[in-house]
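Below is one structure, written out as structure tokens, with a few remarks after it.
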2 protein chains.
Amino acid sequence: MGSTSTAAPAAAPGLRERKKQRTRDALVDAAHRLFLSQGYARTTVDEIAAAVDVSQRTFFRYFANKEEAALAILADAEEYFIERLADRPPEEPPLLALRIAVCAAWRDLSTEDYQQGSRGVGAALELLRLIESTPSLLAAQLRRSAEQEQRVAAILAARQGVDAVQDPRPRLLAAVFGAAVRTAHLAWSTAGDRQREEGPEGMIAVIEAQLDHLGPALVAGHWSSDTGH
Amino acid sequence: MGSTSTAAPAAAPGLRERKKQRTRDALVDAAHRLFLSQGYARTTVDEIAAAVDVSQRTFFRYFANKEEAALAILADAEEYFIERLADRPPEEPPLLALRIAVCAAWRDLSTEDYQQGSRGVGAALELLRLIESTPSLLAAQLRRSAEQEQRVAAILAARQGVDAVQDPRPRLLAAVFGAAVRTAHLAWSTAGDRQREEGPEGMIAVIEAQLDHLGPALVAGHWSSDTGH
DNA sequence: AGGTTCGCTGTCAGCCACTGTCATAATTTT
DNA sequence: AAAATTATGACAGTGGCTGACAGCGAACCT
């Protein structure tokens with residue numbers, strides 16, 4: 001480190017950009033802490049900005065709205081999940097690839113150096129509970145999930161070599177997978193603190209259980225057969 | 001109709017309540033018309049209230065927020081769907097019951113006297129497009145769908161005689177079904193106007209196609225088999 | 001090293017969604 | 001007809017969010 005010229009392949013961070021990253025992290029941390037301690041609605045944007053000693057205007061240059069600051073951590077995690085999914089070999093069955101990617105994401109993000117600040121597994125649990133109990137946040141989170149599903153569908157379509165707009169199966173599979181993960185989130189965040197002590201393995205177990213239920217649930221639903229309208 | 005005494009089993013409407021219903025309908029219609037003509041964001045609540053000649057404060061006594069007014073029609077439709085689902089006999093396979101209920105809802109709401117005002121099939125199409133292109137509305141709609149899924153899950157659990165909190169399958173099936181319907185909405189609203197001319201049958205066909213794809217999509221996803229972690 | 005350019009930030013002003021409060025008018029009840 | 005209930009309007013205030021402009025410091029060029 002410390003090369004004077006501009007040669008690094010991964011683009012030198014630059015003092016300016018490092019400061020920006022630090023400001024953003026500080027805002028996310030402050031928002032997270034305030035939301036958890038006094039609630040989402042009772043925390044004003046001015047408070048968050050003041051805690052980091054920037055103006056309210058600057059807050060909105062980092063986040064489009066208050067919700068985005070609250071969901072920033074989840075957004076980063078989902079970004080990581082997308083990368084892991086893209087890593088999987090195309091020969092792998094789609095649902096298996098999804099399963100491995102989501103488990104890898106949870107494991108990595110819990111053990112790696114992402115632990116600092118408000119980015120641990122315990123914090124994730126409290127965040128999920130906060131989201132579930134705050135209508136405005138839940139709405140924003142579901143919208144983000146919908147966008148995420150579009151991206152997943154595109155990746156699946158590319159893997160299988162089918163057209164993403166013509167063939168509805170990638171979208172449907174992505175939606176089903178998203179539903180399973182969301183159901184797992186809900187089950188995990190309401191399951192009491194016993195699960196919490198198990199760390200990421202607890203969450204992974206719940207997700208896998210949901211995925212295992214997919215088949216039986218649909219079979220029990222007798223989805224086939226003619227309806228006769 | 002026109003009985004003078006208070007004898008009707010379904011509780012006499014009363015002058016007050018009829019007026020309230022008319023105000024609400026007028027607000028929904030005005031909001032719908034303004035949203036479609038000038039866009040959601042460019043329409044202020046004051047405009048909507050002024051169009052019906054009530055105060056802004058009154059608007060917020062009918063709707064918790066601007067989104068709720070936009071989604072009121074969908075909310076009524078989903079209410080009707082829930083009723084149809086509750087009508088289905090418990091012996092019926094769950095997914096078949098869901099399928100019949102959603103098709104019946106679309107058919108009934110298109111042919112019945114619900115056609116007045118902005119409650120036709122054509123209006124539904126434009127509304128779905130508006131929602132899909134307005135982040136704020138999409139978020140609110142997805143949150144409503146999530147609540148709806150909880151209700152559906154409860155009904156399914158009761159039908160099958162299982163515990164709604166212990167057994168995750170009703171929730172999962174409800175989520176999967178919701179995903180299929182949402183995917184169908186998206187496909188229908190972006191399918192061009194050819195579908196629109198087919199009336200409700202076009203929409204129903206798309207939904208049924210999505211449901212038919214559920215099985216193959218999951219089978220192609222190789223959901224079973226051990227992953228080995 | 002010097003000056004220039006560019007991008008981040010703060011300040012100010014303003015719109016609009018949304019809420020609490022109280023007075024008033026209309027409806028229902030007795 | 002009087003009293004209790006309830007919808008509505010008028011008003012004021014909070015807070016999320018945006019546009020415009022100016023200042024300052026990093027980055028880039030010579």
Side-chain angles (χ1 to χ4, degrees), chain A residues 2-8 11-27 30-31 34-35 38-72 134-137 139-140 143, chain B residues 3-8 11-28 30-31 34-35 38-72 134-137 139-140 143:
Chain A
S3 70
T4 52
S5 64
T6 65
L15 192 147
R16 205 168 209 159
E17 216 146 329
R18 268 182 292 138
K19 183 184 174 115
K20 253 175 72 177
Q21 191 56 49
R22 262 187 291 122
T23 309
R24 191 192 143 91
D25 287 353
L27 281 172
L34 288 169
F35 290 160
Q38 28 174 305
Y40 179 77
R42 274 184 300 278
T43 303
T44 71
V45 172
D46 295 84
E47 275 181 287
I48 304 171
V52 188
D53 210 59
V54 294
S55 71
Q56 187 216 46
R57 194 67 184 82
T58 295
F59 174 94
F60 283 109
R61 288 197 177 96
Y62 281 92
F63 308 100
N65 44 50
K66 203 170 139 186
E67 289 105 15
E68 195 174 303
L71 303 178
T134 309
S136 155
L137 277 182
R143 213 211 70 195
Chain B
S3 70
T4 53
S5 65
T6 65
L15 191 149
R16 201 169 212 157
E17 215 144 331
R18 268 182 293 138
K19 183 182 175 122
K20 255 175 72 176
Q21 191 56 49
R22 263 186 291 122
T23 309
R24 192 193 143 92
D25 286 353
L27 282 172
V28 169
L34 288 170
F35 290 160
Q38 29 174 295
Y40 179 77
R42 273 184 301 280
T43 303
T44 70
V45 171
D46 295 82
E47 275 181 286
I48 303 170
V52 188
D53 210 60
V54 295
S55 71
Q56 187 217 45
R57 193 66 183 86
T58 295
F59 174 93
F60 284 109
R61 287 197 179 97
Y62 281 92
F63 307 101
N65 45 49
K66 204 170 135 185
E67 289 104 16
E68 195 174 303
L71 303 178
T134 309
S136 155
L137 278 182
R143 214 211 71 197

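Heavy-atom basis, side chains included; hydrogens, waters and symmetry copies ignored.
Atom CD of A/Glu67 sits about 4.0 Å away from atom OH of A/Tyr40, to the nearest 0.5 Å. Going from atom CZ of B/Arg61 over to atom OG1 of B/Thr23 covers 12.5 Å, rounded to the nearest 0.5 Å.
Between the P atom of C/dT19 and the CG atom of B/Asn65 lies a distance of 8 Å, rounded to the nearest Å. Atoms CZ (B/Arg18) and C1' (C/dA26) sit 15 Å apart, rounded to a whole Å. Atoms CD (B/Glu68) and P (C/dC18) sit 10 Å apart, rounded to a whole Å. When the P atom of C/dT19 is taken as reference, atom CZ of A/Arg42 falls 15 Å away, rounded to whole Å. Summarising the geometry, the separation between CD1 on B/Ile48 and P on C/dC16 is reported as 13 Å, rounded to the nearest angstrom. A/Phe63 places its CZ atom 14 Å from the P atom of D/dT18, with the value rounded to the nearest Å.
Between A/Tyr62 and A/Lys20, the closest side-chain pair of non-hydrogen atoms falls below 4.5 Å. The side-chain heavy atoms of A/Ile48 and A/Phe35, taken from C-beta on, include a pair separated by under 4.5 Å. Looking at B/Thr58 and B/Val52, their side chains never come closer than 4.5 Å, going by heavy atoms from C-beta outward.
For A/Phe60, the side chain to side chain contact (heavy atoms under 4.5 Å, CB included) partners are A/Val45, A/Gln56, A/Arg57, not counting sequence neighbours.
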Problem set entry | Base versus backbone protein contacts along nucleotides 2-15 of chain D [heavy-atom cut-off under 4.0 Å; B, S, -] | ---BBSBBB-----

